[in-house]
Trainee: 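Input: one structure, supplied below.
FYI, side chains are in, hydrogens and waters are out, and symmetry mates aren't considered; it's all heavy atoms of this structure.
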Amino acid sequence: MTNALAAESSPYLRQHAHNPVAWLPWGPQALERARREDKPLLVSIGYSSCHWCHVMERESFEDPRTAELMNDSFVCVKVDREERPDIDALYMEAVQGITGQGGWPLNVFLTPEQLPFYGGTYFPPDARGGLPAWTQVLQAIAESWSEHREEIRAGGARLRERLSGGAQLTPSTQPIHAGELTEAVNTLRGSFDERYGGFGGAPKFPQASVLEFLLLRGEHEMALRTLRAMASGGIHDHVGGGFARYSVDASWTVPHFEKMLYDNALLARAYLHGWQACGERALLDVCLDTLAWALREMRGPEGGFYAALDADSEGVEGRFYVWTVAELRELLDGDADAAIAWLSATERGNFDDPHHPQPGLNVLREAWPVDERLRPDRSTRERIRQRLLAARGQRPRPGLDDKRLTAWNALLIAALADTATQLGREPVAGVADGLAAELLDAARRGAAFIDGELRDGRGRLLRTYSHGAAKLDAYLEDHALLLEANIALFEATCEDAYLARAGELAGDMIARFADPERGGFFSTASDHEQLITRRKDLEDAPLPSGSSSAAVGLLRLSQLTGEREYERHAVSVLRLMHEIAPRHPAAFGHLLQALHWYSAPARPIACQVPPREGARGARP
């Protein structure tokens with residue numbers, strides 16, 4: 001048995017290609033071998049920028065003795081959750097049901113029939129903190145399978161129906177009304193952090209879709225306080241732009257340092273709309289800095305966008321991003337005092353990590369509430385950033401996950417197009433005249449990349465692109481988010497080709513993903529690989545679900561075209577969720593936006609176009 005991951009396109013799978021574990025990718029070879037040898041599948045799911053995935057690899061998967069235990073008793077399968085969200089969602093729900101917890105790395109044991117019977121997340125090499133050692137887990141599961149395999153199979157079969165996500169929901173017969181949205185706002189207010197913004201305590205996630213919903217509803221206080229607090233915090237990269245995935249504390253100070261394309265696309269748009277809501281220039285600056293980071297560090301040569309930057313560099317989380325006061329003084333000369341005061345750096349530091357060899361490390365952040373007396377003028381801030389960015393560029397960089405995912409690219413395309421539209425409406429002081437055109441060109445190139453490279457021989461959409469080739473059938477979220485992106489491009493350009501592409505995507509979604517019996521949409525197409533159940537994934541965390549995005553996109557496409565069939569399918573999603581989502585608004589921010597679009601009076605839609613043949617302004 002040998003490790004078979006070296007030829008895979010996923011950076012995450014290739015990271016594990018040197019392990020002594022005989023990893024196989026998910027597919028017919030692994031499934032057939034499990035059936036033939038009647039061995040359990042050990043499916044380990046993660047992603048390339050996951051810190052604890054790296055830790056478990058170093059501690060266990062690289063250890064020859066541990067690998068021998070894994071290879072002897074199991075068919076070992078590695079899955080990139082970003083390439084295969086269907087497998088990840090299915091078995092994450094199973095592990096959460098078994099243990100009450102979830103996360104990555106996700107390690108789940110399946111019967112040869114793919115039925116889950118045990119699992120967990122990170123396991124240490126030695127028992128500690130209430131967790132058994134990984135080798136203890138392996139030995140116990142192997143023994144149980146040897147002695148009780150038929151009972152295990154029976155238990156897995158009983159679990160099957162509970163793993164279908166929202167596929168068992170039936171549509172509500174109650175009317176959809178705007179009062180449900182008021183209920184959602186009130187529920188969010190109950191968990192709102194009045195001091196630092198956001199909802200709940202640590203760890204704290206940005207929840208851009210929830211902020212967008214609040215802005216749509218005119219509930220500015222919670223949304224704007226959160227946007228301002230995140231912008232001042234260490235979760236925001238004050239040197240290079242962009243945001244880390246979440247903060248480990250309630251004050252947004254110390255991030256989990258990985259940067260995901262989807263977070264930054266969603267947050268760029270949220271900051272844009274925050275600026276539109278209140279006119280606060282600092283919010284627009286955050287939007288533009290985030291997009292500048294994406295164009296500088298995440299764009300491939302063909303115009304597509306990479307998936308993520310790792311949390312780790314040199315094997316240590318956050319090393320690329322933190323600074324000592326001595327480093328700041330050496331690099332910044334006369335600007336050092338201003339930078340140290342502005343970015344709250346101290347000799348003691350605010351980042352306490354035993355893996356870092358030196359004391360006094362600082363995650364750069366502004367004081368909160370922001371003290372304008374500590375903030376240098378715009379030109380000084382930019383000079384400080386550029387010097388620190390150049391110095392940081394000499395450090396060993398975090399790993400780059402260079403695969404391009406259709407859904408995540410669609411999110412950034414929409415952010416670029418929307419920002420270009422807003423900037424094109426009227427000049428903004430201090431914003432370069434050509435920036436709107438530059439952002440729109442990047443959005444166009446991204447869309448052209450998807451249309452040109454992420455299609456199969458039949459013209460159907462594919463999920464992922466890496467090393468010059470695309471593969472894997474696209475999911476509902478890929479189709480739905482790309483539909484929204486094409487609508488944003490149409491509104492930015494008024495070019496009929498984008499509206500036509502949106503219509504094609506809508507038709508494909510309805511034909512291959514819609515549920516004719518209960519309404520809504522399945523997460524996988526009717527001709528997708530069959531797993532143990534066909535799911536409807538509904539929660540908008542961490543990015544909009546395919547179902548919510550389909551509802552938003554189809555409602556807006558119906559407004560644009562007058563085609564009522566689009567609205568009918570959108571409403572079928574809302575009927576499944578309109579009683580549930582307002583009670584759990586933090587999990588359904590994008591779905592609540594769809595409910596708003598449906599409940600609010602239709603707004604006129606206009607396209608911003610350059611003057612042509614004597615005409616000026618927008619075209620309805």
Trainee: Does the cation-pi check pass for Lys78 over Trp26, that is, NZ or CZ under 6.0 Å from the six-membered ring centre and within 45° of its axis?
Mentor: no
Trainee: Hydrogens and angles aside, do Ser547 and Ser545 bring a side-chain donor and acceptor to less than 3.5 Å of each other?
Mentor: no
Trainee: Is a side-chain donor or acceptor of Arg404 paired with a backbone partner of Ala307 at a separation under 3.5 angstrom?
Mentor: no
Trainee: Are any of the side-chain nitrogens in Arg269 or Glu212 under 4.0 Å away from the carboxylate oxygens of its partner?
Mentor: no
Trainee: Side chain of Thr99, backbone of Gln96: donor and acceptor closer than 3.5 Å?
Mentor: no
Trainee: One thing to verify: whether Glu219 and Arg189 come together as a salt bridge, which I'm taking to mean a side-chain N less than 4.0 angstrom from a carboxylate O.
Mentor: yes
Trainee: Are Phe513 and His479 an aromatic pair, judged by ring center distance below 6.0 Å?
Mentor: yes
Trainee: Salt-bridge test for Arg463 and Asp473: reply yes if a basic N is under 4.0 Å from a carboxylate O, no otherwise.
Mentor: no
Trainee: State whether Glu484 and Arg556 are salt-bridged, where the test is any N-O pair (Lys NZ or Arg NE/NH1/NH2 against Asp/Glu carboxylate O) under 4.0 Å.
Mentor: no
Trainee: Can you tell me if Arg128 has over 12 outside heavy atoms packed within less than 6.0 Å of its CZ?
Mentor: yes
Trainee: For Glu529, does the CD atom sit with more than 12 other heavy atoms under 6.0 Å from it, leaving out its own atoms?
Mentor: yes
Trainee: Between Ile580 and Leu169, is a side-chain contact (heavy atoms from CB on, under 4.5 Å) present by the stated rule, with each step listed?
Mentor: CA-CA 11 Å; Ile580 298 171; Leu169 287 174; 4.0 Å; yes
Trainee: Taking only residues two or more places apart in sequence, or in another chain, which ones meet Tyr566 in a ring pair (Phe, Tyr, Trp, His ring centres under 6.0 Å)?
Mentor: none
Trainee: Considering only NZ, NE, NH1 and NH2 on the basic side and carboxylate oxygens on the acidic side, decide whether Arg228 and Glu280 come within less than 4.0 Å.
Mentor: yes
Trainee: For Asp418 and His273, which I'm curious about, is there any donor-acceptor pair between the side chains at under 3.5 Å?
Mentor: yes
Trainee: Does Asp310 pair with Lys259 as a salt bridge, N-O distance under 4.0 Å?
Mentor: no
Trainee: Whether the His578 and Ser172 side chains hold a donor-acceptor pair (N or O, under 3.5 Å, no angle test) is what I'd like checked.
Mentor: yes
Trainee: Check whether Thr406 reaches the backbone of Leu462 with its side chain - one donor and one acceptor, N or O, closer than 3.5 Å.
Mentor: yes
Trainee: Regarding Arg81 and the six-membered ring of Tyr47, is the cationic atom NZ or CZ under 6.0 Å from the ring centre and inside 45° of its axis?
Mentor: yes
Trainee: Go through Glu82 and Lys403 one step at a time and tell me if the salt bridge (Lys or Arg N to Asp or Glu O under 4.0 Å) criterion holds.
Mentor: CA-CA 10 Å; Glu82 296 166 353; Lys403 67 178 179 288; 2.7 Å; yes
Trainee: Is there a donor-acceptor pair under 3.5 Å between the side chain of Glu539 and the backbone N or O of Ala541?
Mentor: no
Trainee: Scan side-chain atoms only and decide if Asp540 and Ser209 contain a donor-acceptor pair under the 3.5 Å cut-off.
Mentor: no
Trainee: Give a yes or no answer on whether the side chain of Arg245 reaches the backbone of Met260 with a donor-acceptor pair at less than 3.5 Å.
Mentor: no
Trainee: Once ring pair (Phe, Tyr, Trp, His ring centres under 6.0 Å) is applied, do any residues pair with Phe243, and if so which ones, sequence neighbours excluded?
Mentor: His236, Tyr271
Trainee: Would you check if the side chain of Ser572 reaches a backbone N or O of His569 as a donor-acceptor pair within less than 3.5 Å?
Mentor: yes
Trainee: Cation-pi check for Trp252 against Arg365: NZ or CZ below 6.0 Å from the six-membered ring centre and within 45 degrees of the axis, yes or no?
Mentor: no
Trainee: One thing to verify: whether Lys204 and Asp193 come together as a salt bridge, which I'm taking to mean a side-chain N less than 4.0 angstrom from a carboxylate O.
Mentor: yes
Trainee: Are the side chain of Thr226 and the backbone N or O of Gly198 linked by a donor-acceptor pair below 3.5 Å?
Mentor: yes
Trainee: Would you check, one step at a time, whether the test side-chain contact (heavy atoms from CB on, under 4.5 Å) holds for Leu531 with Arg534?
Mentor: CA-CA 7 Å; Leu531 302 176; Arg534 192 178 178 200; over 6 Å; no
Trainee: Are the aromatic rings of Tyr246 and Phe257 close, with centres under 6.0 Å apart?
Mentor: no
Trainee: Looking at Asp515 and Gly520, would you say the former's side chain and the latter's main chain have a donor-acceptor pair under 3.5 Å?
Mentor: no
Trainee: Tell me, with the steps shown, if Met577 and His584 meet side-chain contact (heavy atoms from CB on, under 4.5 Å).
Mentor: CA-CA 11 Å; Met577 297 301 299; His584 308 280; over 6 Å; no
Trainee: Can we call the ring centroids of Tyr475 and His528 under 6.0 Å apart?
Mentor: yes
